[in-house]
Participant: 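Take a look at the following structure, please.
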Amino acid sequence: MAANMRNEGERRGGRWRWAMWGGAAALLLLPAVAMRIGNNGVDWTGSDFVVFGAMLLLACGTFELGAWLSRDRAYRAAFGIAVVAGFLMTWVNLAVGIIGSENNLANLVFFGVLLVGAVGACIARFKPQGMARALVVTTIAQTLAGVVALTQGSVEGVGLSAFFGVVWLVCAGLFRKAAA
(Lines give C-alpha, C1' and ligand atoms only; values in the text may rest on other atoms or scores of the structure.)
Protein backbone atom coordinates (compact mmCIF):
# COMPACT_ATOMS: atom_id res chain seq x y z
CA MET A 1 0.00 0.00 0.00
CA ALA A 2 2.83 2.41 0.84
CA ALA A 3 4.41 1.66 -2.54
CA ASN A 4 1.13 2.50 -4.30
CA MET A 5 0.88 5.81 -2.46
CA ARG A 6 4.50 6.64 -3.30
CA ASN A 7 3.95 5.80 -6.99
CA GLU A 8 0.80 7.92 -7.10
CA GLY A 9 2.66 10.85 -5.55
CA GLU A 10 5.54 10.50 -8.01
CA ARG A 11 3.13 10.30 -10.93
CA ARG A 12 1.55 13.58 -9.87
CA GLY A 13 4.95 15.27 -9.90
CA GLY A 14 6.10 14.90 -6.29
CA ARG A 15 9.80 15.34 -7.11
CA TRP A 16 9.15 18.18 -9.52
CA ARG A 17 6.94 19.91 -6.96
CA TRP A 18 9.69 19.80 -4.36
CA ALA A 19 12.20 21.09 -6.91
CA MET A 20 9.87 23.90 -8.00
CA TRP A 21 9.02 25.11 -4.49
CA GLY A 22 12.60 24.63 -3.30
CA GLY A 23 13.89 26.55 -6.31
CA ALA A 24 11.43 29.35 -5.57
CA ALA A 25 12.65 29.53 -1.97
CA ALA A 26 16.26 29.59 -3.17
CA LEU A 27 15.47 32.40 -5.62
CA LEU A 28 13.88 34.39 -2.81
CA LEU A 29 16.93 33.89 -0.59
CA LEU A 30 19.45 34.70 -3.33
CA PRO A 31 19.23 38.52 -3.04
CA ALA A 32 19.53 38.33 0.76
CA VAL A 33 22.72 36.27 0.41
CA ALA A 34 24.05 38.62 -2.27
CA MET A 35 23.43 41.63 -0.01
CA ARG A 36 25.40 39.93 2.80
CA ILE A 37 28.38 39.15 0.58
CA GLY A 38 29.29 42.74 -0.12
CA ASN A 39 28.91 45.79 -2.29
CA ASN A 40 27.67 44.21 -5.51
CA GLY A 41 24.76 46.49 -6.41
CA VAL A 42 22.09 44.34 -4.77
CA ASP A 43 20.11 46.54 -2.40
CA TRP A 44 16.64 45.15 -1.79
CA THR A 45 14.14 46.56 0.66
CA GLY A 46 11.59 44.57 2.62
CA SER A 47 8.92 45.47 0.08
CA ASP A 48 11.12 44.10 -2.73
CA PHE A 49 11.22 40.74 -0.95
CA VAL A 50 7.46 40.81 -0.34
CA VAL A 51 6.67 41.56 -4.00
CA PHE A 52 9.13 38.95 -5.29
CA GLY A 53 7.83 36.38 -2.80
CA ALA A 54 4.26 37.08 -3.90
CA MET A 55 5.29 36.69 -7.54
CA LEU A 56 6.96 33.35 -6.81
CA LEU A 57 3.97 32.15 -4.80
CA LEU A 58 1.58 33.11 -7.60
CA ALA A 59 3.76 31.50 -10.28
CA CYS A 60 4.24 28.24 -8.37
CA GLY A 61 0.59 28.11 -7.34
CA THR A 62 -0.53 28.73 -10.92
CA PHE A 63 1.74 25.97 -12.16
CA GLU A 64 0.25 23.65 -9.51
CA LEU A 65 -3.17 24.50 -10.95
CA GLY A 66 -2.02 23.57 -14.45
CA ALA A 67 -0.57 20.28 -13.22
CA TRP A 68 -3.81 19.52 -11.40
CA LEU A 69 -6.00 20.34 -14.41
CA SER A 70 -4.48 17.84 -16.81
CA ARG A 71 -2.08 14.93 -16.93
CA ASP A 72 -1.36 15.57 -20.59
CA ARG A 73 2.31 16.48 -21.07
CA ALA A 74 1.67 19.00 -23.84
CA TYR A 75 -0.94 20.74 -21.69
CA ARG A 76 1.39 20.86 -18.69
CA ALA A 77 4.29 22.07 -20.82
CA ALA A 78 2.17 24.84 -22.33
CA PHE A 79 0.87 25.85 -18.93
CA GLY A 80 4.35 25.84 -17.42
CA ILE A 81 5.93 27.82 -20.26
CA ALA A 82 3.13 30.39 -20.07
CA VAL A 83 3.58 30.74 -16.30
CA VAL A 84 7.35 31.20 -16.62
CA ALA A 85 6.92 33.72 -19.45
CA GLY A 86 4.37 35.70 -17.47
CA PHE A 87 6.65 35.64 -14.43
CA LEU A 88 9.65 36.85 -16.45
CA MET A 89 7.70 39.60 -18.18
CA THR A 90 6.39 40.84 -14.84
CA TRP A 91 9.81 40.66 -13.21
CA VAL A 92 11.52 42.64 -15.98
CA ASN A 93 8.69 45.16 -16.07
CA LEU A 94 8.77 45.77 -12.32
CA ALA A 95 12.56 45.72 -11.98
CA VAL A 96 13.71 47.95 -14.83
CA GLY A 97 10.72 48.52 -17.09
CA ILE A 98 10.25 47.32 -20.64
CA ILE A 99 9.54 50.74 -22.11
CA GLY A 100 11.99 53.16 -20.58
CA SER A 101 12.18 52.98 -16.79
CA GLU A 102 9.93 50.99 -14.48
CA ASN A 103 8.06 54.24 -13.73
CA ASN A 104 6.89 54.75 -17.33
CA LEU A 105 3.09 54.33 -17.42
CA ALA A 106 3.34 52.83 -20.92
CA ASN A 107 4.65 49.68 -19.20
CA LEU A 108 1.13 49.01 -17.93
CA VAL A 109 0.26 47.71 -21.39
CA PHE A 110 2.41 44.63 -20.66
CA PHE A 111 0.36 43.89 -17.55
CA GLY A 112 -2.67 44.21 -19.82
CA VAL A 113 -1.26 41.43 -22.00
CA LEU A 114 -1.11 39.13 -18.98
CA LEU A 115 -4.64 40.15 -18.00
CA VAL A 116 -5.86 39.21 -21.50
CA GLY A 117 -4.26 35.79 -21.09
CA ALA A 118 -5.69 35.23 -17.61
CA VAL A 119 -9.21 36.31 -18.59
CA GLY A 120 -9.01 34.18 -21.74
CA ALA A 121 -7.97 31.15 -19.70
CA CYS A 122 -10.91 31.66 -17.34
CA ILE A 123 -13.35 32.11 -20.22
CA ALA A 124 -11.94 28.91 -21.77
CA ARG A 125 -12.43 27.18 -18.41
CA PHE A 126 -8.85 25.96 -18.84
CA LYS A 127 -9.89 23.50 -21.57
CA PRO A 128 -7.04 22.92 -24.05
CA GLN A 129 -8.83 24.09 -27.22
CA GLY A 130 -10.01 27.27 -25.51
CA MET A 131 -6.57 27.81 -24.00
CA ALA A 132 -5.08 27.64 -27.49
CA ARG A 133 -7.47 30.37 -28.64
CA ALA A 134 -6.77 32.44 -25.52
CA LEU A 135 -3.04 32.29 -26.21
CA VAL A 136 -3.56 33.41 -29.81
CA VAL A 137 -5.51 36.41 -28.50
CA THR A 138 -2.70 36.98 -25.98
CA THR A 139 -0.25 37.02 -28.91
CA ILE A 140 -2.36 39.71 -30.58
CA ALA A 141 -2.35 41.73 -27.35
CA GLN A 142 1.42 41.27 -27.12
CA THR A 143 1.78 42.54 -30.69
CA LEU A 144 -0.23 45.63 -29.76
CA ALA A 145 2.07 46.12 -26.76
CA GLY A 146 4.96 46.01 -29.23
CA VAL A 147 3.28 48.74 -31.27
CA VAL A 148 2.99 50.85 -28.11
CA ALA A 149 6.69 50.23 -27.44
CA LEU A 150 7.49 51.27 -31.00
CA THR A 151 5.56 54.53 -30.64
CA GLN A 152 7.55 55.19 -27.45
CA GLY A 153 10.83 54.57 -29.28
CA SER A 154 11.68 51.46 -27.23
CA VAL A 155 13.62 48.98 -29.34
CA GLU A 156 13.90 46.72 -26.28
CA GLY A 157 10.12 46.77 -25.85
CA VAL A 158 9.59 45.78 -29.48
CA GLY A 159 12.14 42.98 -29.18
CA LEU A 160 10.66 41.66 -25.93
CA SER A 161 7.17 41.82 -27.41
CA ALA A 162 8.32 39.77 -30.39
CA PHE A 163 9.99 37.24 -28.07
CA PHE A 164 6.95 36.86 -25.80
CA GLY A 165 4.63 36.76 -28.81
CA VAL A 166 6.52 33.74 -30.10
CA VAL A 167 6.34 32.15 -26.63
CA TRP A 168 2.54 32.62 -26.51
CA LEU A 169 2.23 31.04 -29.98
CA VAL A 170 4.34 28.05 -28.88
CA CYS A 171 2.02 27.62 -25.90
CA ALA A 172 -1.02 27.86 -28.17
CA GLY A 173 0.43 25.11 -30.35
CA LEU A 174 1.06 22.90 -27.35
CA PHE A 175 -2.49 23.45 -26.08
CA ARG A 176 -3.81 22.61 -29.55
CA LYS A 177 -1.74 19.40 -29.46
CA ALA A 178 -3.20 18.58 -26.03
CA ALA A 179 -6.71 19.09 -27.42
CA ALA A 180 -6.12 16.64 -30.29
Side-chain angles (χ1 to χ4, degrees), residues 11-28 30 51-99 102 106-150 154 156-180:
R11 193 171 19 165
R12 292 188 184 189
R15 291 182 187 152
W16 286 105
R17 290 178 73 204
W18 279 102
M20 176 184 65
W21 287 103
L27 275 176
L28 187 58
L30 195 61
V51 169
F52 193 58
M55 287 174 55
L56 288 167
L57 182 65
L58 181 64
C60 291
T62 304
F63 183 76
E64 289 273 358
L65 173 66
W68 178 75
L69 287 169
S70 176
R71 289 186 175 176
D72 184 85
R73 285 184 179 196
Y75 185 97
R76 286 182 174 190
F79 212 96
I81 292 168
V83 167
V84 169
F87 177 86
L88 290 175
M89 188 161 60
T90 301
W91 190 9
V92 169
N93 209 5
L94 289 176
V96 294
I98 295 174
I99 300 174
E102 67 274 14
N107 283 314
L108 292 176
V109 73
F110 291 95
F111 294 121
V113 171
L114 298 177
L115 183 62
V116 166
V119 168
C122 290
I123 290 171
R125 297 183 184 188
F126 299 100
K127 302 289 186 215
Q129 190 66 33
M131 292 292 283
R133 288 188 198 109
L135 268 295
V136 169
V137 173
T138 304
T139 303
I140 294 167
Q142 188 71 65
T143 303
L144 294 174
V147 171
V148 170
L150 185 62
S154 173
E156 296 87 1
V158 173
L160 283 172
S161 287
F163 170 77
F164 285 112
V166 169
V167 171
W168 305 137
L169 285 177
V170 166
C171 292
L174 287 168
F175 278 122
R176 195 169 308 271
K177 180 180 179 185

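Both backbone and side-chain heavy atoms feed into the values below; hydrogens, waters and symmetry mates do not.
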Participant: Between E102 and L94, which heavy-atom pair has the shortest distance, and what is it?
Facilitator: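 Scanning both residues, the minimum pair turns out to be CB-O, 3.5 Å.
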Participant: At what distance, to the nearest 0.5 angstrom, does CG of N107 lie from OG1 of T90?
Facilitator: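 Rounded to the nearest 0.5 Å, the CG-OG1 separation comes to 11.5 Å.
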Participant: Quick check: closest heavy atoms across S70 and Y75, and the distance to 0.1 Å?
Facilitator: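 Closest pair (atom of S70, atom of Y75, distance): CB-CD2, 3.4 Å.
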Participant: Which atom names give the shortest non-hydrogen contact between V158 and A149, and what distance separates them?
Facilitator: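 What the structure gives for the nearest pair is N-CB, 3.7 Å.
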Participant: Looking at CD1 of I98 and OG of S161, how far apart are the two atoms once the value is rounded to the nearest 0.5 Å?
Facilitator: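 With rounding to 0.5 Å, CD1 (I98) is 7.0 Å from OG (S161).
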Participant: Can you tell me how far the CG atom of L169 sits from the CG atom of L174, to the nearest 0.5 Å?
Facilitator: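 The distance works out to 11.0 Å.
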Participant: Nearest 0.5 angstrom please: L160 CG to I99 CD1, how far?
Facilitator: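 With rounding to 0.5 Å, CG (L160) is 10.0 Å from CD1 (I99).
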Participant: Check side-chain contact (heavy atoms from CB on, under 4.5 Å) between E64 and all other residues, then give those that pass, not counting sequence neighbours.
Facilitator: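 E64: side-chain contact (heavy atoms from CB on, under 4.5 Å) contacts with R17, M20, W21.
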Participant: Is there a side-chain contact between K177 and D72 in this structure, where contact means two heavy atoms from C-beta onward sitting under 4.5 Å apart?
Facilitator: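 They are not in side-chain contact.
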Participant: Going by ring-ring contact (aromatic ring centres under 6.0 Å, His included), name the residues that satisfy it together with W91, two or more places apart in sequence or in a different chain.
Facilitator: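 Partners of W91 by the ring-ring contact (aromatic ring centres under 6.0 Å, His included) criterion, ordered by chain and then number, come out as F52, F87.
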Participant: Side chains of I123 and V119: does their closest heavy-atom pair fall under 4.5 Å?
Facilitator: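 Yes, side chains in contact.
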Participant: Name the atoms and distances for all side-chain donor-acceptor pairs under 3.5 Å in residues 129-138, with sequence neighbours left out.
Facilitator:
| from | atom 1 | to | atom 2 | distance (Å) |
| --- | --- | --- | --- | --- |
| T138 | OG1 | A134 | O | 2.7 |

Participant: What's the separation between atom CH2 in W168 and atom OG1 in T143, rounded to the nearest 0.5 Å?
Facilitator: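 Atom-to-atom, W168:CH2 and T143:OG1 are 12.0 Å apart.
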Participant: To check you understand the geometry: which heavy-atom pair defines the closest contact between V167 and A85, and what is its length?
Facilitator: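 Shortest heavy-atom separation between V167 and A85 comes out as CG1-CB, 3.7 Å.
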Participant: Do you know which two heavy atoms are closest between V113 and A141, and how far apart they sit?
Facilitator: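 It is CG2-O, 3.6 Å.
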Participant: How far apart are the closest heavy atoms of C171 and I81, and which atoms are they?
Facilitator: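 Minimum heavy-atom contact is SG-CG2, 3.5 Å.
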Participant: Just so I know, are the side chains of F63 and V84 near enough to count as touching, which here means a heavy-atom distance under 4.5 Å?
Facilitator: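 No; the side chains remain at least 4.5 Å from each other.
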Participant: Heavy-atom distance under 4.5 Å between the side chains of W68 and F126, does that happen here?
Facilitator: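 A side-chain contact is absent here, since even the closest heavy-atom pair is not under 4.5 Å.
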Participant: Checking F110 against Q142 for the side chain to side chain contact (heavy atoms under 4.5 Å, CB included) test, could you report, in this order, the C-alpha distance in whole Å, the side-chain angles of both residues, the deciding distance, and whether it holds?
Facilitator: CA-CA 7 Å; F110 291 95; Q142 188 71 65; 3.5 Å; yes
Participant: If you round to the nearest 0.5 Å, how far is CG of N93 from CG of L88?
Facilitator: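 It comes to 12.0 Å.
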